[in-house]
Every structure is written in structure tokens, then in C-alpha cells.
Amino acid sequence: MARTLALSPLVPLLCTFLLLSSASGQEPTVTLLSGQTYRGLLNSNLTINASIDATGNGSSLTAEWTLGHTKLSINSNEKYTVMNEVNPSTADGYASLTILELVEADAIDYTLTVVDSSNRETSVTATVEVQVPPAILLSPTNTTDIILSTVQLSCSSRGWPAPNITWLKDGAEILCSDAISISTFRGERQTVSTLVIGELKLENAGSYQCNASNELIIGRSVLSDTALITVLLKFDESVYTCMAVNNISNVLDTPETKAVFLRIQVPANVTPISPSPSFGVEGQSIVLTFSITQDDPLVNTSNIRWTFRGPAGLLDITESSDSRYELSSNRRSLAISHLLTSSDEGYYTVYATNEAGTQNASIQLMVEGPPKVYQVPEDLNVLENSTAFFRCLAIGDPTPDHAWYYNDQRIVSEEEGGGDKYSIGGPGIDYGSLRIRRTRFEDRGEYTCVYNNSIKTLPLSATLGVQVIPVIVDLAVPPNGTAGSDTVLTCISRGYPAPAISWFINDTMVAEQNSNKMSINVLTMEEVGGLYNVSSSLLINELELSDTNGYHCTATNELESVQTVTSPQLQFTVLYPPNITEPPVNKTINQTDDGVFNYVAQYVMTVSSTQDYHLLVNMMNQDIVGNNIYNDTLTIFSIQLHNTNDNSSTAVILVTVVIATEEGSGCPLRCREELIEFFNLRGSSFKPSFTVTGNITRFDGCDSEVTDSTFNWTEVNIGSTLRIDCPCGGLSLGTGSPVAIRACTGSFTNGASWTEPNTTQCDFTNDVLSLCNVTQLNSTFQKLTELESLIASPLDSVQLLITVSLMETLNAEASESNTSLDVFLNILERVISQDSDLLQSTQTTSNTSLRVLQIIDDTLAQMPLPSSSLIMTRPSFTLAVQEVPPSDGAVFSLSRNQSVSLTYSNTSTDPMSLILPSNFTFSSSDSVRLTHVIFNSSALFPNLPSNQRVASLVMATSLIGHTLSSLVNITFERTEVEESFSMEACNFFNFSLNGNQGKWSTKGCQTSFINNKIRCTCDHLTHFAVIATSSEAEPPTVEMADPPSYLLALESLSIVAVSFSLVFFIITLVLFLGTWKLRIKTPIQLLVNVCVSLLLLYLMYIGALYARTHENACIVFSSFLHYAFSVSLLSFVGHSIHITLKGCCMPIKHYTLIAVILCWVLPLFLVTFCVAPGYHLYTSQRFCIPQKVPFYVGFVVPFIVCSIVTGVSLLITGIMLARISFKSVLSQEYLSSLSLFLLFTIGWIMVLSKANASAPVAAALEAIFLVFGAPLGFYVFLMCALASGDVRTIWQKKFGKVIRKCSVKLNESTDASSKGKRDSSLPSSVKEPSMNKNDSSDNKEVKDRAKEDNASNSSDIDV
């Protein structure tokens, strides 16, 4: 009893321990005993067995089988038998599902789900396949036919897997041959096979069957019914009698009979007597002959037909009248008597027809001839070690042999076992070609391809030239020199053509004579075996320490493209006595004059002896100094070796390497590793070799480091500050994330050191740390439920940022199940319900609102739909998804009410509706996902000015995978707002505005009011709302809306007027350029220049109006408009200056040419200067014209300057003309130029001003342009063409001549007819003088008119 009382306090603890042990058991394990796939025969039973390992869970497990979403209970269905059992003592069990009498519909997936007491579930899925034995659907039928006919038998079978069909004749399998073909179509569950006998023969008679079999658990096959094929022969022809007899005798006691005669008709057997193919020789004749036998009835000669199919197509020789062909021997023979050519090659066919049918046979004719050249090899010049390729092709019949020769020696190719140097192309596109690999300089010479057949030998030759890229063959550099002495560097190059050598120091070319410091000696050239050796020497006077490295030489020669080779960096040591004897330490040495620091690294190397030590000194200074490391950004400045006076075979040598760096760049870890790799690589190639055994410690930056086991600081240079995101369970928080800060301080002289990290922003509270730890949970559902519980209370900015980041990572997985999706939407509700000030501030710092909206879009796009539509509501938002059928004019209506359904109809009366355009079509026949989001508040959409209110719900709509090309209508119910906020307009939230922070915009949306509703007509789908603006303040313009209708009407009228101007410009140009008398005049040439520039300008004006809605097109037209406007301004300037110079009698030679070139060239530089740095400024929604700086620099300033120059020029001319009262011819030119320039100026000031004006002001400006600027082409035609007397005179004379010629011809025909009637009553002696008199009078009239024309043509022309 005492013991019992003593243990009684431990009983609750023991029970608790047992319960915890039970709860912490492993998830049950379910295993299908026969794999994932189960196969059964049709109408048989199939059992699926699974084992259950329930260690630690015991009898509390439940197991159930499901078919789709239907649960299969134990023995509750006659179709299925379910048995589940778990043994509590052994903690294991089994489950089985038996499917009775399998049918094809049972071939689906069956799922077994096991759930333990901790609500942990495990499931496995078994796939059932139902195999169906083959069955014959269609058997072949009996067939009787004559010899040489075509017989076809068909067979069809069904089963799963789809059966294989084979054919049997008299019990033996039939194989395909030339006479018998078998075609088979095999579907998923049915197979159709067809056997075709092309020409029926006696041996084909017999019984035929098809055999169908498929791969089952137990193999089965089935035979079709038997089909008999009977072949009728000629000896079957006879009289066949049918006799009818029974036991009742007739009067005469004779049987009833009926006789019939069976006649067998046999088609002709057409056989070629001439061989096929037959060979003819070009220029000769040939005869082709066939035999026609076994024909019954006999084939008439008229029923024998010859055809020829050759290069030109099909020809009926029998019907042809061509004398080239001659038929003989009752049309059994064809003689081609003309000289044969390749066009006669082809197939000659004879068709023989009788009552039994038509038979045919063909002979192929091939015409032999000498080789004909199709491709001649061309001379080549190639680089050494490249591939030369000669093409050479000749074709003949018989096919000619081909071979290649080099300098008259036959080439043995790779195909003939002669090595891979030469390869001769075989049949194909490169037939007959010669490929020479790895060309050498000695391969130069003549190559000949020879084609040869029995008729002719054809040689074709080409020359190969081999050019050699220059190489540096020798570099002579002294290992060291004494300060103050001279040294010589020598560079020798070889190549063909002869290379030219240049010297460089620090990438700057050394002139041939470089004052007293350096000089280059005269080049020496020597030809060796056809190649050129070139030597060049660089003399350096009075050596200094700075002269030790930076030298290289280049060799260049001119091949097909210029080829240059560069030598390695040349360096040597400048010795300053005494030598260094003590090894240095890692530190910087003194700074050089150009601000470059020298980074010192120390190594220890070993060599074999003292003698090798001296050799190593020379080799390292020649080969290593001057080399670049670390992506070629750092240079090895010098190398010094320190002897330890150890003469043993493994002497230790200390090496000091000086690297030139700039402060702030340094040599980080990878740089130091690369330096060691560099020395070890070079050391292995030296003789004696050496190995680096030392190391480098960085002093010009801070090495990477980990603090507090969580903060990973990467390597940085001195003076750099490093910012890293605060660690949060491996999450990437994005922009605005809390950061830890640490600086790398120090100097080049004293080294670098890290400061203490500033991790204040990373001192997370327990609530924040709990959010970060969500990522450590196992399943997605656990993460979501934990996150939902952690954000139940209001969040701060860091918690909100972490929550949004977690939602981004869990979004895809949360959409996979309804349970997880429901929790995910609860989390989304809590995020959207946060304080609006918090949402706006985090959007500014971390872009959280845009990220939340993107999360919603992704969720709607990928979530599974249980049916065609789904609505999910929360207090702050409503989500709707529907699969839209591919129909036109769809209407989508949505209320915020849970019970409402998604519908499509022609009208909508719900609080919000979306109407797709009536002409909207989908890009595919599949349904499209249409998504909607309704927000009860605008908290996610910040930056709303204080004088504006959101006067509706916010509606977001998208068509997944589709874009709109037409307008959509969004309808909102009007709501009550404050009385002062009465100006309502449709807006959408544009996240690209306000520095990607977003702002409400009206672009692309028009607002209309219908009864108590607001209709938004927009050209895109996004986030929409109605924004009400205070009537006490002018509504802010986010982006310019589409132009109103009255402005569009004025612009349409302007386009019409501009189009007429273009027509008048063209007419004016035709009038000016139509006659050389006008074309040669300077004023006309300048006016033509003005007209052409204005023609281009007005064309660009029309394009700029139409392109304003397309950004890229707007940039192009705006640029060309800028160019045409500048050319037009300069054209007016050139014309006005010409008038002034003409009035002052100061002609300039070639003035027109100079003016035209300047007018069209100078604007190119102006437009390029404006477009290049800011082409994005060449767009505008009102009119495609530059904005901001390009507008003022490219338009306003040139306009003012050109206007001043033109005005001053015309003012001077006006003063001169005023003195003579404008009585000269020049006055007309002056007045027309002044008028046109004023019209141009007024009109285009309006155009330039309307781009950024409000709609009413833009309409007024457009009206002024419509009057003054748009009809400018008509004004030019009126003032410069019609008003010019000379232009009118010339064109009147041109048209007058045409009219007079027509009238003279008309008079001549009239006079001739009347005179014929009159002279018919007169004697012949009177008629002749009368005709001569008329002729002389006509000639006189023509001569008088010619004199008048000559007189008028000699007069001068002024315009």
C-alpha cells in the first residue's frame, strides 16, 4: 500500500508520456503490393491489395477507398468489394478493393487514404487498365476476277490494346512483295487492314483469312471468315447449261434446261523488246520496240497509243504532228529520227486497249554525251592553316570520271586512302569539289579538275594563293640593364605579304624617331622560301626604373582583311646598386607620381642549384614582368629574387613581386589566387621549373567574414560600406528590407579593418521572429495556418513586409487544394484590412501593394475550378473566376453578395458589370479564364490627392492569356458622395506612374452617364474605379485623355485640307518641272525646293496625327516631322536671301546648289543631336511632336532664328522695292514669298502650340491652322504658278500647239471630203492647180505660226 501511494504521483506523468509518445508516432505507410498499375481482362475480377504499416498508431487508423470524389464503403456496392483491417497488436494491416466483372469504364484511378488519430493522412493511387480481347468487326468477302486485274480484301478488328492484323492464304502467313501490298491503320482500340493484289495471277487463287491478336495477360487471337479468290482463265470459256429436274414428270418427260455462253476476255500483254533503259548517243537516232501478245480480242492498231514523259512534261506522240517521231510495225515501233539531245531523255510508254481493259509498259531512254560544265573552279586566296574549297562540276552521260591534279600531279584524296589532306566530294551538293585542309604556304599553285567519259576529256583549272598571318618568331630582350645605360629590344616577324612592325609602350605607339629617349632602326627584310622575315629594333637611351616594362611590338600585313599579331609584354630589370639582400614584408611601397600604388607580395621558391638560380632570375624578368592578371586589370611591375647563399640542390629563394594597382581597386581574394596560379603555371614551363610555396595576405581590403553565425559579410575594398538583408528564415524580403550595415576602414599603408556591425534594424521582436520561423515548417498547410494565427493582431511595417513575402512563396502551392486556398484568402483579407497609412507607407518603401495585387492575379490564374465558375468573398474583397466560352459580346455581372452567380447575358442590372466588345474574338477555340476582383476600399491604391475621393468600389478584371483590340464597357452604380465632390470620372490605377509607386489615371477611358449609372469605356482591362474630384479645385490631369469629338472633327477637316495641299504641291511641281525653260531658272529651282520640303512636311503631319496612339510609330514620325520642318524653314530662308541678293545685284555662283545642300544636310545634325540622347521625348498623345528640351532646342530656337533671318531679308528687299514703287518683276516674287512665309508661320505656330494645350484651346488653334496652314499647297499653286505670267504663257503655248494640230488635222479631213465632191465635175486639168494652191496656203499658215512660236520662245521668263 505504501508503494502504491508512493507511485501515485507518477501516474499522471506516465500517462502524459504515453499519450505524447503515441501522438508523436510516424505517419502511416501505405504500399501497393503489385505496383501502381493493375491490369485485368474484360468481364473478369480484379483485386487491388495494399499493406499498411501503422507503427505507433494502433487501431485508431481509418482507411477508405475512393473513386474520384466517391467513397467506396465496405460491401456496400455489388460492383466493388472492400476489405480493410488493422491489427492493434502488430500495428500493421492491409486493405483490398475487388472490382467485379470488369468493363471498359472501370479503367480509371482508385485511391486508398489512411488517416491516423493525429489526423495525419497518407494516400496511394492505383491505376486500373481493362484489357479487351480482339474481335473481328469486318471479314474479307469472296472475289472472282480475271488475270491481271486488281483485287482488294479488307479486314477490321477491335480490342485493347489495339490488335495486330496478319493475313493468311491457305493457312500460311502472307508477306508483302512487289505483287502484294498490305496497309494497316491502327487506332487506339481498332485496327483496319487492307490487302491489295496488283495484278491477279493464277497462283493467287485460294482461301484468305485475317488473324487479329493483341498483347493481353493471356494471349488471344481470332480468325476472320474465309474469303475465296477465284481466277478465271481463257480455257474456262465455254457453254454452261443449267438443268432443272424433280420427281414430277411433264407431258414430254424431258427436263427443263437453260444454256449460257461464258466468254473470257484477256487484256493485252505489253512487253518491251528494246532494253530499258535504252541508251542513245547525242546527235544520232534510235528505235524503240514493244510486243503486244495474249490479247483477246485482238488490239486494233488505232487503240495503240504512245506517250513521252520528259523534262518538258507529258507528250502524246500518237496525236502529235511532230516529224521527229515515226511509228511503224502497226505502231509497235517508234523511230526518233532527229539528232538526239538531253531533252529526249525520259519514259516512252505504249498503251494497248481492248474490251478487257488497257495495259501499258514503258522504256526509259537515256542520251549519252560529253561532259558539260556546270561550275568552273575559281581562283582562291586563303590564310595558312585554313581550308581551301574549289567547286568544279561537269555532267555527262555516261557519267564522267573526275580527278584533281596539282601542278600536273594527280591528287590522291582521303577517299582513296591518301590521308585527310585532300578530300574530293562524292555524290551530293559538293560533287566533284576539292577540299584542301590545313593549307600550307607550299600548297600554292595551279589545281586542275578533269572530267572524262568515253566521249570527251574536259580539264578545268584554278590557282590557289596562300597568305601567311604574321607571327613573332623572335624577341631579343636583355635580362637587365644598369640605370643610366642604353638597351636594345629586337622584334622579328615572318609572314606573307611582308609584315610591318610597330612598337608600343603602355599601348601608345612609339614614333620612328622619339626625341632622344627612344628610336627605331631601319627595317631589314629578307625573303626565305617565299616568306618575308622582317626585323625591327627599339633603342632605349639612359635607362630609368620606369623603363622596365610596358613594351610590346605588333606585326601587321594586309590579307583579305588586315591581320595583326601582338607580342607578349617585354620587360627587363633596371639594376640599382646595391642589390636587396633581405626579404621584404607585405606592405605598400611609396606612391608614384601618377597616383598608382605598388602592391608587394612575397613568395618562397626552390631551385636545384646556384647556377639555376641565376638562370631563373633572367627568365622571370623576361617572361613574367609586364604580364596582366585579374582580368587584365593589374600589371606585374617588377620581380626581385633574394639568394640565401644556399648552394644545395634544393636552394630556397625568396621572391618579391610588385603589382601596380590604384587605390580602391586592390587585389581581392580571387586576384591573389589567380596570381599564385599564374606563377605556378609559368613555373612548370621554365627549365628549371619552380613552384610557389608562399602566400599573400590582403592589406587593401577586408576579407569575407561571418558574425553571430547569421551575418555573412563578403569581401570589400577599403572605404566601402556593405549592406546586407537581415536574415529571416531564408526569405528574400525585396526592396525596403531591414538591413545590417558594416564598413571597411583603413588605408593602403596601414591595412584594412572591419568596423563593428550595425544590426539595429535586425533586432527583431519575438513576433517578427515567429513570422520568419514559418519557413521552417514542413507542409504548406502548416505554414499557412501558422501564418494566419500570427497575423491576427494589427501588424507593423516589418511584419507586413514578411507576411507579403511569405504569401509570394506559398502562393503556387496554396492554390492546389481548397483547404489551403481558404486559409490563404483569410491571410489576404487580414493584409488588405491593415491600416491604410501602413499600406501606403509600405507601398512607398517596399512596393507591397503592387506585390499583393500580383499575388491575387497569380492565384486567380492558377487556382483549380470545381466547375465553370467560382466566387469567393471576404469582408474586404470578392474574387470571381469563370471559364469564358469562345462567344462574342459577353456580359459579366457581379455583386458583392455571396449567393450571386456568374452569368452571361445581353444586358446587366447588377451594381457592377463588364461588357466585352461585340466584335471580340478569342485567339483559340478553347475557353478562356475571366477573373474579377472587387475591393471594398482603395487602401491598396495610394497617392490619391486630398481633393479627390474614390466614389465606387474598385474593380479589377483580366482575361488570362488574351489582350483586347476593341473597347470594353464597365458600368458602376452611382453612389452618394460629399456635395463638394461632384466631378466624377472613370480612372484606372497605373502602377508605372509616380516613380512606379502608382497613381490613378484617365488615359484610355471615357466617362458617360446613363440614368443612375456611370459607364466607363476603356481600351484595356485593369483596376477601375470612379474618382470624384472637388468642384472647388481644378481636377488634376494625370494623363491626357482621348481628344473630344469636336477636336477630332477639326483634325479630320485639317487632314482633308492637307491632302488637297499635297495634290496642289504635286501639280505645282509638274508645272515647274514639266519644261526645261522653267527648270533652268534659279527662282523656279528654289521654289521647287520649297515645294518638295513642304510636301514632305505635310505627309509627316498626317502620319504624326495617326501615330499618336502608337509609341514607336510616334517616335519615327515625330523625328521625320522635325527634319521636314527644319528643311522647310531653311528653304524659306534660302528663297528670301536669293530675292535680296537679286535686288542688290549681288549674284552668288552656284547659289541654288549651295542652298539646297544646306537645307537638306544641316537638319540631319540638328535632329540627330535632339533624338539621340532622348528619343523617348519624341512622343505626345495630342500630336507626335518632341517635348521639353528637344522641343525648344529643335523647334522653337530654329523657328525664331529662321524667322528673324527671313524677316530681315524680306524687309531689306521691301525697302529697295518701295523706292521704285514695286514696279519691277521682282516685286511679284517678293510679295508671293512674303505671303507664303506669313501663312506658313501662322499655321505652324498653331500646330506647335496645340500639342500641350487643353482641348478647347487646341480646337481653336486647329481651326486657325485649318484656315492658314492646311491649304498652303493651294496658296503656293495660286501665288507661284497661276499668278506667274511666264508659267501661264509657256503652258498655254504647249496646250495651244496641241489644239492647233488637232484642228489642222480636222480641217484637212473636212477639206478633202468637200473638195472630192467639187472636183468630180471638173476636168482633170483644173483639179491639180487647185490642190497646189491649198497646200501652199496651208504651208504659209504653218510657217507664220512657227515664227510666232520662235519669237515667244526667245523671250526671257521671270517668276
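Numbers for residues simply follow the sequence, beginning at 1.
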Any donor-acceptor pair under 3.5 Å from [X] side chain to [Y] backbone:
X	Y	result
Ser789	Glu786	yes
Gln834	Val831	no
Asn987	Ala985	yes
Ser720	Val716	no
Glu788	Ile827	no
Asp708	Thr710	no
Gln799	Asp796	yes

Can a side-chain donor-acceptor contact be found between [Y] and [X] if the only test is distance below 3.5 angstrom?
X	Y	value
Asn758	Thr760	yes
Trp713	Ser704	no
Asn811	Thr859	yes
Ser841	Thr844	no
Thr113	Ser123	no

[X] and [Y]: which non-hydrogen atoms are nearest, and at how many Å?
X	Y	answer
Arg851	Ser846	NH1-O, 3.5 Å
Leu733	Leu801	O-CD1, 3.5 Å
Val852	Leu940	CG1-CD1, 4.1 Å
Ala880	Leu860	O-CD2, 4.5 Å

Mind checking the [atom1]-[atom2] spacing from [X] to [Y]? Nearest 0.5 Å is all I need.
X	Y	atom1	atom2	value
Asp725	Asn712	CG	CG	12.5 Å
Gln843	Leu853	CD	CG	8.5 Å
Leu828	Leu879	CG	CG	7.0 Å
Gln782	Gln776	CD	CD	12.5 Å
Ile832	Phe877	CD1	CZ	5.0 Å
Met807	Ile791	CE	CD1	7.5 Å

Please lay out, stage by stage, how Cys726 and Cys762 fare under the test disulfide bond (SG atoms under 2.5 Å apart).
-> CA-CA 5 Å; Cys726 294; Cys762 302; 1.8 Å; yes

For a side-chain contact (heavy atoms from CB on, under 4.5 Å) with Thr775, tell me which candidate from Thr809, Ile802, Leu810, Leu731 qualifies.
-> Leu731

For Ser833, which residues count as a side chain to side chain donor-acceptor pair (under 3.5 Å) partner, sequence neighbours excluded?
-> Glu829, Ser876

Could you tell me whether the side chain of [Y] reaches within less than 4.5 Å of the side chain of [X], counting heavy atoms only?
X	Y	result
Ile741	Leu722	no
Leu771	Leu787	yes
Thr735	Asn847	no
Met955	Val933	no
Pro738	Val798	yes
Glu808	Ile855	yes
Thr878	Met872	no
Leu800	Leu839	yes

Dump the intermediate steps for side-chain hydrogen bond (donor to acceptor under 3.5 Å, both in side chains) on Ser817 and Ser820, then the final yes or no.
-> CA-CA 5 Å; Ser817 68; Ser820 299; 3.0 Å; yes

Between Thr765 and Leu769, does a side-chain contact (heavy atoms from CB on, under 4.5 Å) hold up when you go through it step by step?
-> CA-CA 6 Å; Thr765 63; Leu769 292 175; over 6 Å; no

Check the angle between the aromatic planes of Phe941 and Phe989 and answer parallel, tilted or perpendicular using the 30° and 60° thresholds.
-> perpendicular

Residues Cys1016, Cys1005; criterion disulfide bond (SG atoms under 2.5 Å apart); working and verdict | CA-CA 6 Å; Cys1016 303; Cys1005 288; over 6 Å; no

CG of Asn766: more than 12 outside heavy atoms within 6.0 angstrom?
-> no

Basic-acidic side-chain contact under 4.0 Å: Arg742, Glu705 | yes

Taking salt bridge (Lys or Arg N to Asp or Glu O under 4.0 Å) as the test, write out the residues that go with Asp822, two or more places apart.
-> Arg874

Any pair with a residue in residues 772-802 that passes disulfide (SG to SG under 2.5 Å), sequence neighbours left out, goes on the list, sorted by first then second residue, please.
-> Cys728-Cys772

